[in-house]
Trainee: 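Here it is, the structure, as structure tokens.
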There are 2 protein chains.
Amino acid sequence: MAKVTLQSIADQVGVSRMTVSNAFSRPDQLSAELRARILAAAAELGYVGPDPAARALARGRTGAVGLLLNGPLSEAFADEVAAAFVASVSDELTARGLALTVLTPPRDESFFPARDVGMDAAIVYTCEPDSAGVDWLARRAIPMVAVDQDLGEAVPRVLVDDRVGARAAAEHLAALGHTRVAVLTLARPGTPVRTDEPDVLSTSHPARERMAGWREGLGEREPVVGYVALGTEGDPYAAALELLRTADVTAVLCFSDVFAYAVVRAAEELGRSVPGDLSVVGFDDNPLAATVRPALTTVRQDVRAKGRIAVERLTDVLAGRPAEPVVLPTELVVRESTGPAPA
Amino acid sequence: MAKVTLQSIADQVGVSRMTVSNAFSRPDQLSAELRARILAAAAELGYVGPDPAARALARGRTGAVGLLLNGPLSEAFADEVAAAFVASVSDELTARGLALTVLTPPRDESFFPARDVGMDAAIVYTCEPDSAGVDWLARRAIPMVAVDQDLGEAVPRVLVDDRVGARAAAEHLAALGHTRVAVLTLARPGTPVRTDEPDVLSTSHPARERMAGWREGLGEREPVVGYVALGTEGDPYAAALELLRTADVTAVLCFSDVFAYAVVRAAEELGRSVPGDLSVVGFDDNPLAATVRPALTTVRQDVRAKGRIAVERLTDVLAGRPAEPVVLPTELVVRESTGPAPA
DNA sequence: CCTGAGTTCTATACCGGTACAGTACGTTCG
DNA sequence: CGAACGTACTGTACCGGTATAGAACTCAGG
């Protein structure tokens with residue numbers, strides 16, 4: 001059977017192709033009676049509806065929004081917080097009649113999603129400003145919204161107040177009398193597990209901001225005894241063991257709740273009780289944080305709101321409205337993993 | 001600035017438009033020297049590369065594959081097993097130079113991803129054969145692969161041997177002397193929480209097959225004392241409490257590890273010890289199953305393999321190769337949540 | 001010197017729609 | 001009763017590429 005197009009239906013019914021197009025895409029442009037006849041003819045011929053590719057070319061819109069990630073999706077999902085963000089973005093896009101296309105770094109440059117996939121706009125999640133993906137999107141002039149990252153003034157951003165949250169966590173420890181505090185945070189990929197060099201820190205916005213907040217909150221005390229910087233491929237538990245064995249501290253500030261829980265388990269392994277001998281603070285308020293024992297003191301952020309607001313900003317941009325930068329609040333949640341510094 | 005197209009570069013360099021197209025898409029079709037000149041001119045004019053929408057129309061391929069889900073993405077992610085499957089699919093597609101577009105049921109028919117988004121093929125995950133999404137894909141003649149569902153002979157399927165796994169779980173309980181066994185499984189949406197009517201069961205392939213396997217494995221004994229059928233919106237913990245309060249059983253077979261853990265907590269709440277007073281078996285071997293106490297006896301399936309094989313089948317279909325149906329094995333994993341039936 | 005087989009580039013013909021500016025024909029209103 | 005307007009439909013001009021067949025030229029082999 002030959003391909004069924006708008007034209008074949010137009011011929012069948014005896015109207016112009018444009019009228020058939022309108023029957024599907026702009027019902028108010030023709031009489032109900034004629035539209036019914038056209039739809040009937042279409043059904044009879046087995047016409048499904050306008051071809052998305054042709055429509056995308058003619059309209060200049062695809063109906064899809066890209067979500068640019070800095071690693072494979074399985075990596076994002078290893079972190080429950082990132083997974084919740086992705087889910088939130090998808091839900092919000094659905095509610096607005098947009099589809100989600102996942103843009104991951106390619107294995108092979110021959111097909112580069114950020115360069116080769118049609119989309120109306122993109123949400124950039126935690127990607128370095130100089131990454132290839134961001135570069136392609138920018139060169140294609142695809143409207144972007146940056147989440148958990150600063151891509152410059154031109155790109156609207158949705159951030160979390162990591163610094164204030166981290167400062168609150170550090171002040172909490174300080175108020176409990178802790179003076180020897182370590183940090184377990186993210187490092188640039190490839191960095192050795194343990195280091196005291198501040199410049200191996202991950203350049204991600206949250207990593208920088210949280211570190212800055214911790215330093216502020218620890219105030220005049222020797223701010224950080226040492227820290228373990230962990231690449232994405234690192235094993236948090238091994239890093240935590242290493243940290244506790246080599247650093248003489250009474251508390252640890254962690255980049256995430258997953259890291260914090262690793263510290264808790266490492267402390268148990270080494271026979272140190274939490275929070276009796278060691279206080280541990282996480283970040284994000286992962287569902288995990290409330291479930292494990294001892295429940296983790298952490299800094300809460302509202303991940304679903306982050307996704308929702310990112311999509312709102314995106315639709316603002318698509319509609320030509322100005323999109324103000326947003327900074328979402330954080331909140332210290334004190335649970336069982338922190339206590340007074342041991343004497 | 002006027003839009004930069006292939007034609008503008010062709011004019012600038014003084015070659016045909018086709019040659020410029022080849023410079024980007026088929027480098028072996030022209031001399032290296034000319035290609036370099038074209039690329040230089042393109043860079044100078046700020047040409048990014050062929051427009052994906054136009055290319056999709058001309059080539060008849062988009063480079064994107066749809067993943068059809070039967071609910072919002074956040075719902076899929078509530079289940080760690082489904083999330084792992086999605087991640088696996090994405091990783092495998094990336095490895096093959098394809099992008100992933102998420103196809104969820106629309107809030108509003110005006111934009112229906114399964115109907116309106118361009119894609120080369122689709123993976124259908126746990127969707128009812130008569131759902132609107134499947135119907136649109138079928139009418140568009142989009143190549144499909146069905147996962148955890150049977151869409152008829154024409155659609156290649158990737159299944160898990162749920163029945164054999166469930167039977168093994170039931171036989172395990174039988175061997176331990178259990179004769180009064182309940183089931184906690186999925187129901188059709190909207191079904192009341194507790195029922196003994198078999199036909200409220202979810203029509204999903206896994207739900208049917210697991211139930212069949214459980215019945216087989218319990219053999220000649222009164223097969224199932226009763227079961228709680230749980231819609232997707234139901235609260236497993238509440239259902240588990242209800243079940244244990246009303247059914248006089250020594251063991252519960254569950255549709256998932258999440259359900260099983262809910263039963264464990266409900267048993268604790270009611271003062272019954274697991275596995276002393278009550279044995280519980282889950283399904284899937286969710287990471288959770290090994291972490292919680294008591295660790296859950298469960299039926300393992302390899303979710304990453306399921307994603308990988310689904311994508312393999314999909315590429316087979318795209319290449320015109322026949323795609324044989326696949327049934328992946330399951331394996332009973334005995335941990336701490338099952339023990340001899342109490343006297 | 002002629003033939004056949006590469007290269008390298010071009011001409012033509014689509015791919016399947018939508019936007020926009022009409023045209024033709026009632027209706028309404030001053 | 002004529003101007004102004006709304007409704008219903010059409011004609012034309014794109015949207016920005018790619019496939020395919022062929023033309024022009026080079027080169028090796030007989």
Trainee: Between B:V15 and B:A54, which is nearer to the 5' end of DNA chain C once each is assigned its nearest nucleotide?
Mentor: B:V15

Trainee: Looking at A:V20, A:I38, A:V15, which one forms a side-chain contact (heavy atoms from CB on, under 4.5 Å) with A:L30?
Mentor: A:I38

Trainee: Check whether B:R140 reaches the backbone of B:R115 with its side chain - one donor and one acceptor, N or O, closer than 3.5 Å.
Mentor: yes

Trainee: Which residues within residues 109-116 of chain A lie with some heavy atom under 4.0 Å of an atom in DNA chain C?
Mentor: none

Trainee: Does any residue of residues 30-45 of chain A have a heavy atom under 4.0 Å from DNA chain C, and if so, which ones, in number order?
Mentor: none

Trainee: What is the distance from CD of A:Q29 to P of D:dC9, rounded to the nearest Å?
Mentor: 10 Å

Trainee: Starting at atom CD of B:Q7, determine the distance to atom P of C:dA11, rounded to an integer number of angstrom.
Mentor: 11 Å

Trainee: Is the backbone N or O of A:N22 less than 3.5 Å from a side-chain atom of A:S25, with the two atoms forming a donor-acceptor pair by type?
Mentor: no

Trainee: Give a yes or no on whether the backbone of B:C127 and the side-chain of B:Q149 come within a donor-acceptor separation of less than 3.5 Å.
Mentor: yes

Trainee: Counting heavy atoms from C-beta on, name the nucleotide in D:dG16, C:dG17, C:dA19 closest to the side chain of A:L57.
Mentor: D:dG16

Trainee: If you only use heavy atoms from C-beta on, which nucleotide in D:dG17, C:dG17, C:dT10 is closest to the side chain of B:N22?
Mentor: C:dT10

Trainee: Please check if the side chain of B:R55 supplies one atom and the backbone of A:D116 the other of a donor-acceptor pair under 3.5 Å.
Mentor: no

Trainee: Under a 3.5 Å distance rule, please check whether B:R313 uses its side chain to pair with a backbone N or O of B:M144 as donor and acceptor.
Mentor: no

Trainee: In whole Å, what is the span from the NZ atom of B:K3 to the P atom of D:dC14?
Mentor: 16 Å

Trainee: Compare side-chain N and O positions of A:R26 against OP1 and OP2 of C:dA19 and report whether any pair is under 4.0 Å apart.
Mentor: yes

Trainee: To the nearest Å, how far apart are B:D11 CG and D:dG16 P?
Mentor: 14 Å

Trainee: Just checking A:T19: base, sugar-phosphate only, or nothing, at a heavy-atom cut-off of under 4.0 Å?
Mentor: base

Trainee: With A:R96 as reference, evaluate A:L314, A:D91, A:T315, A:L318 under the side-chain contact (heavy atoms from CB on, under 4.5 Å) test and give the passing residue.
Mentor: A:T315

Trainee: Please give, in whole Å, the distance from C:dG17 C1' to A:I9 CD1?
Mentor: 12 Å

Trainee: When you get a sec, tell me which of C:dA11, C:dG16, D:dG17 is the closest nucleotide to the side chain of B:M18?
Mentor: C:dA11

Trainee: Name the nucleic acid region contacted by A:F24, choosing base, sugar-phosphate or nothing; use a 4.0 angstrom heavy-atom cut-off, strictly under.
Mentor: nothing

Trainee: For residues 56-69 of chain B, which side-chain N or O atoms pair as donor and acceptor with protein atoms under 3.5 Å away, sequence neighbours left out?
Mentor:
residue : atom : partner : partner atom : Å
B:T62   : OG1  : B:A64   : N            : 3.0
B:T62   : OG1  : B:D120  : OD1          : 3.2

Trainee: Supply the atom-to-atom distance B:N70 CG to B:T104 OG1, rounded to the nearest 0.5 angstrom.
Mentor: 10.5 Å

Trainee: Answer yes or no: side-chain N or O of A:R17 and base N or O of C:dG17 forming a donor-acceptor pair under 3.5 Å.
Mentor: yes

Trainee: Among D:dT10, C:dG17, D:dG16, find the nucleotide with the atom closest to the side chain of A:L6.
Mentor: C:dG17

